[in-house]
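Counting starts at 1 for both ligands and their atoms, following the listed order. In what follows, residues are counted from 1 in the order of the sequence shown.
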Amino acid sequence: MEIIVSDKAGFCFGVKRAIQTAYDTAHQTEGEVATLGPLIHNPQVVSRLKEMKVRPVEGLDELRGNTLIIRSHGVPKEVIDDAERRGVRVINATCPFVKKAQNYASLLQQEGYRVVIVGDKRHPEVRGILAYAAGSALVAEDARDLDLLGKVSRIGVVAQTTTTLERFQRVVQRCVELAGEVKVYNTICDATSIRQREAEEIAGRVDVMLVLGGKNSGNTTRLAELCRSTGTPTYHIETSAEIDPLWVQGAQKVGITAGASTPQWIIADVVAFLRRLSGVGP
Ligand code: SF4
């Protein structure tokens, strides 16, 4: 069995940066360090961080220490202001690319555009960007959501960093039909689109595709959807423990990719598991 692992599988720049920030902060801090929500969407990494006394909290009232890390998704600015008012030390690990989307949303709102954010309504990154547009933006999961806009003359568009280019284009196209003036900032992160393209390309030439990452990770779920759309049987798993040997029975080539919050050790473990299954590993 040939195992093809995507070069772009696993941690992206922003996640690496957030994890390193958490490790550094844990080493320099006595007592507990909190992250607002899980630092990344990967339960295995989150539980490793817990061993280092880095724990997720759902709100500021749950803080047990005095240090709070803002994860790469970012948060509404009011959350940081509130924490600082309470005397909490805030370490902001918002990914610079997410920060860019926040800043453009704010700028568009100030310039008088009706802001449209292309992304998932419930995603924390989108909720953060929404707050930077003073809460008046519309979140479009797809072009039909723009039917809610009503009459509007100027639309400004930004994207959730992990949305797909196709979805972004569909929404922008609809905006052009609706408004006389449309200003577009493509804030899709390259890490995502490059990973997506490579995953699709690999999925197109293997018998089975494994997509590794948290079941609660939006970017991993989208990777799995893209791979599945090539017609190749695709399985979204968190660890090698979920692999059913029947999935890869008789497969000549198995492809592997992983979401932005999947650590290298999980990828290596899945490769080792497949090698053992095919009788070439220890
Ligand atoms: S996917 Fe891109 S925007 Fe999101 S955290 Fe990673 S580098 Fe930053």
What protein heavy atom lies closest to [atom]? Include the residue and the distance to one decimal.
atom	value
atom 2 (Fe) of ligand 1	Cys189 SG, 2.3 Å
atom 7 (S) of ligand 1	Gly14 N, 3.4 Å
atom 4 (Fe) of ligand 1	Thr161 OG1, 3.7 Å

### Query
Got a sec: is Cys12 within less than 2.8 Å of atom 8 (Fe) of ligand 1 via an N/O/S atom?
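Here the distance criterion (N, O or S atom, under 2.8 Å) is not met by Cys12, so no.
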### Task
Could you list which atoms of ligand 1 come closer than 4.0 Å to a heavy atom of Thr192?
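Under 4.0 Å from Thr192, ligand 1 has these atoms: 1 (S).
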### Query
Which atoms from ligand 1 have a heavy atom of Cys95 less than 4.0 Å away?
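That gives atoms 3 (S), 5 (S), 7 (S), 8 (Fe) of ligand 1.
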### Query
Any Lys/Arg nitrogen of Arg167 or Asp142 sitting under 4.0 Å from an Asp/Glu carboxylate oxygen of the other?
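Salt bridge: no.
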### Glu125 with Arg71: basic N within carboxylate O range, under 4.0 Å
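Result for this pair is no, no salt bridge flagged.
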### Message
Is it the case that the side chains of Gln173 and Glu177 hold a donor-acceptor pair, with the cut-off being a distance below 3.5 Å and no angle test?
### Response
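Yes, Gln173 and Glu177 have a side-chain donor paired with an acceptor closer than 3.5 Å.
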### Message
Quick check on Lys53: does its NZ atom have over 12 non-hydrogen neighbours (other residues, nucleotides or ligands) under 6.0 Å away?
### Response
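For Lys53, atom NZ is not crowded (no more than 12 foreign heavy atoms under 6.0 Å).
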### Query
Does a sphere of radius 6.0 Å around NZ in Lys121 hold more than 12 heavy atoms from other residues, nucleotides or ligands, not counting ones at 6.0 Å or beyond?
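Result for NZ/Lys121: enclosed.
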### Query
What part of Asn219, side chain from CB on, backbone N/CA/C/O, both or neither, has a heavy atom under 4.0 Å from ligand 1?
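Looking at Asn219 and ligand 1, no heavy atom falls under 4.0 Å.
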### Query
Can you name the nearest heavy-atom pair linking Ala203 to Met209, along with the distance?
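For Ala203 versus Met209, the nearest heavy atoms are CA-SD, 3.7 Å.
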